[in-house]
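Notes follow once the structure below has been shown.
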Amino acid sequence: MDWMDLEREKGITIQSAATYAQWGGTNLNIIDTPGHVDFTIEVERALRVLDGAVLVLCSVSGVQSQTITVDRQMRRYNVPRISFINKMDRAGANPSRIIDQIRTKLKIPAAALQVPIGAEDAFEGVVDVLTKRAIYNRGARGEDVVYGEVPAHMVDSVNAAHDELVATLAEVDDEIGELFIEERTPSEQQIRDAVRRATIARKFTPVLMGSAIKDKGIQSLLDAVISYLPNPTEITNTMLDVDNDEKVIDVVPYSSQPFVGLAFKLEEGKYGQLTYIRVYQGRLEKGQFAYHVKTGKKVKISRLVRMHSNSMEDVDSVGAGEICALFGIDCASGDTFTDGTINSSMSTMFVPESVISLSLTPKDKNSPNFSKALNRFQREDPTFRVHVDSESKQTIISGMGELHLEIYVERMRREYNVDCITGKPQVAFRETVTRKSPFVYTHKKQSGGAGQFGRVIGYIEPIDPEQHAELPHEFVNNVMGGNIPTQYIPACEKGYMDGLQEGFMVGHPVVGVRMVLEDGAAHSVDSSELAFRLATFYAFREAFKQSSPRILEPVMTVEVSAPVEFQGNVLGSLNKRKGMIIDTETQEDYCVVAAEVPLNNMFGYSTELRSATQGKGEFSMEYKRHSPVLPNVQEDLIKEHQAKLAEKK
């Protein structure tokens, strides 16, 4: 189902893909989601619309950092799961260790429904613990399922697995618990019913195993999906009644009811925008009108398709519980559609905050495809954000990780022929004064006819920008006796504002300064608004240079959470970036570290943190204040700015 060239090259899933299948008379709607933490939104929106999930684990690596993230997402949307241990043919395969990890790291009771026959190269098949039959896959693609007797050397291990399954179920299911206390052996059907009840109640996860690449154990997994995961009528989904003060009402998952559907994914295809919809209630038919709850618009369903990865199958109607796609509908991810008889909205999905930003510059400045590509990617992926920095005028892209942004830059090159240069985004520095500095400045210019003349006298002094947060600068007019005519005072203030916009050290705005205008002189012919504006601007520049100016940098409050065993690594990584540790707190087996770190030192931190904590660490940061930079950093910044100015010339 990974159809993009990039996915095949890198060997990872980047976009979730939907398909439709039938197994034993049951219709299945399947979505394959990425496993990498950078593409977490794809998992997020798939889990929002699915009723059950298969959590795929590696028989060697087991529970990885992304598994823990996906587990958290499953809990957020109350999705029951079956666990499948894949790659049983790999060297070092150890399913019992993986089951222990599910219990300890994911904190959910788990037990195996199968025992492997051999492992690594010798992996042949599995034994079903409930029926006590061996299951082998034969044929070119494992399509022939052959049943046999349990190998003699495995009888004890199969019985032990059966006892462990019953003991685990006894803790989470009342019926099995009573039989267990009375020391009676439950029947096969009683155990199946208990597994289904406990799985749907999210108290237990059955564990199956196999090898996808060798086509072993897949049929048993599909049987388990139908036996143990809920059908749409067994899951309670809710919606909010817009007309009745957003009262919570249950969705009735039957095709005879009025239609309700949720748009959960957008994709730009060759035929325009493709909108994936999960039908929760009622039927959606070709040619009918749907009502877009958010905008109140009616849209006609001109074409209805069922997706098979990137190929489509036209259908006339889809019923409750199915996933389909529509063309030519203008909507956002998470919008609700109804048939117009009910005005209800379903809750949208959770969108995590972006953690990393890069500046992006196209090599060809005139390419129209640059903005077209960015607009498309933003519509498709809510975690990919684009903005233009008001100070540096750079295009800044933000996302969930370095791989996430790298993939989008590569897609721009391949799909839109736009080559881009990425770089560290410019930090919003500020400049300020540290002491009072007087000025006396005369602006004279004579060039035949009326010239320019303006004289200003006064001083500038520092003010605390935190106490004047709303307006971090002031202009005070103390001119007496009309030495500067009143009509020129606003021009003086404009000249001061011009100076504030672009500082004189590194070209960033000036804050924390008050200008007091005390005296001046004007000429009856040569004085003008422009003359006084320029006089004040140059006076401010001269005084600023004499006032021991400093560069301020943004300092962020950074909060890092990671397992306790990585606390030393986290503290070391923050100290290395000149962070000041404010607080550390331990909660169960996680530690939370709060620190203040200059933003300029935080670039690339998400990758470093993942490396230092085996991918288990997470961090968030928010702006705290601007603080003076170290003298050596100030010198470097000024030199860098002067070099840039020299390049422009």
Side-chain angles (χ1 to χ4, degrees), residues 10-12 14 34-41 43-44 57-58 60-73 92 97-98 100-102 104-107 352-359 383 397-407 409 422-425 427 553-624 630 633:
K10 291 185 179 284
I12 57 169
I14 292 169
H36 199 284
V37 70
D38 283 14
F39 308 107
T40 190
I41 188 67
V43 184
E44 196 80 46
L57 300 127
C58 171
V60 181
S61 314
V63 174
Q64 296 164 289
S65 57
Q66 178 59 11
T67 320
I68 295 168
T69 308
V70 171
D71 173 68
R72 209 178 297 141
Q73 291 168 320
R97 181 172 63 87
I98 312 305
D100 283 341
Q101 285 184 353
I102 295 173
T104 54
K105 292 188 177 178
L106 302 185
K107 310 267 190 303
E353 284 300 311
S354 49
V355 295
I356 185 170
S357 301
L358 289 176
S359 66
T383 57
I397 55 172
S398 312
M400 299 307 297
E402 287 180 17
L403 178 68
H404 186 210
L405 298 181
E406 185 190 305
I407 292 287
V409 172
T422 57
K424 179 175 148 181
V427 168
E553 65 180 345
V555 174
M556 314 299 279
T557 302
V558 178
E559 198 168 271
V560 186
S561 66
V564 171
E565 63 262 34
F566 301 113
Q567 188 169 359
N569 296 7
V570 169
L571 295 173
S573 70
L574 290 170
N575 285 329
K576 192 170 84 180
R577 291 170 182 267
K578 302 188 178 72
M580 185 169 74
I581 310 294
I582 295 165
D583 184 30
T584 58
E585 188 185 333
T586 305
Q587 304 163 347
E588 290 179 15
D589 47 359
Y590 260 69
C591 70
V592 178
V593 180
E596 288 183 3
V597 192
L599 176 62
N600 207 27
N601 301 342
M602 283 301 290
F603 294 111
Y605 184 62
S606 59
T607 309
E608 185 187 324
L609 180 66
R610 282 178 191 165
S611 310
T613 60
Q614 295 176 9
K616 294 170 188 169
E618 291 180 346
F619 81 99
S620 64
M621 64 180 182
E622 60 181 315
Y623 171 74
K624 178 81 186 286
L630 297 169
V633 177

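Predicted, not measured: the structure shown is a model, and the values here were computed from it. Heads up: numbering here begins at 1 and tracks the sequence. Worth knowing before you read on, the calculation uses all heavy atoms, side chains too, and leaves out hydrogens, waters and symmetry mates.
Looking at heavy atoms from C-beta onward, Leu571 lies in side-chain contact with Thr584 at the 4.5 angstrom threshold. Side-chain atoms of Leu609 and Val560, non-hydrogen and from C-beta on, do get closer than 4.5 Å to each other.
To the nearest 0.5 Å, the span separating CG on Leu630 from NZ on Lys578 amounts to 7.0 Å. A distance of 5.0 Å separates CD1 of Ile98 from CD of Gln101, quoted to the nearest 0.5 Å. Taking CG of Leu599 as the start and CZ of Arg577 as the end, the distance is 11.0 Å to the nearest 0.5 Å. Atom NZ of residue Lys105 and atom CG of residue Asp71 lie 12.5 Å apart, to the nearest 0.5 angstrom. The CG atom of Leu358 lies 11.5 Å from the NE2 atom of His404; values are rounded to the nearest 0.5 Å. A distance of 11.5 Å separates CZ in Arg97 from CD1 in Ile102, rounded to the nearest 0.5 Å.
The nearest pair of heavy atoms linking Ser573 to Tyr605 is OG-OH, 3.0 Å. Pairing each heavy atom of Cys591 with each of Val564, the nearest pair is N-CG2, 4.1 Å. Looking at every heavy atom in both residues, Val63 comes nearest to Leu57 through CG2-CD2, 3.9 Å. Taking all atoms of both residues into account, the shortest heavy-atom contact from Thr613 to Ala562 is CG2-CB, 4.0 Å.
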Next on the checklist: Walk me through whether Asp583 and Val592 qualify under side chain to side chain contact (heavy atoms under 4.5 Å, CB included).
Outcome noted: CA-CA 8 Å; Asp583 184 30; Val592 178; over 6 Å; no
Next on the checklist: Determine whether Leu574 and Val593 satisfy the following criterion, side chain to side chain contact (heavy atoms under 4.5 Å, CB included), listing intermediate values before the conclusion.
Outcome noted: CA-CA 9 Å; Leu574 290 170; Val593 180; 3.8 Å; yes
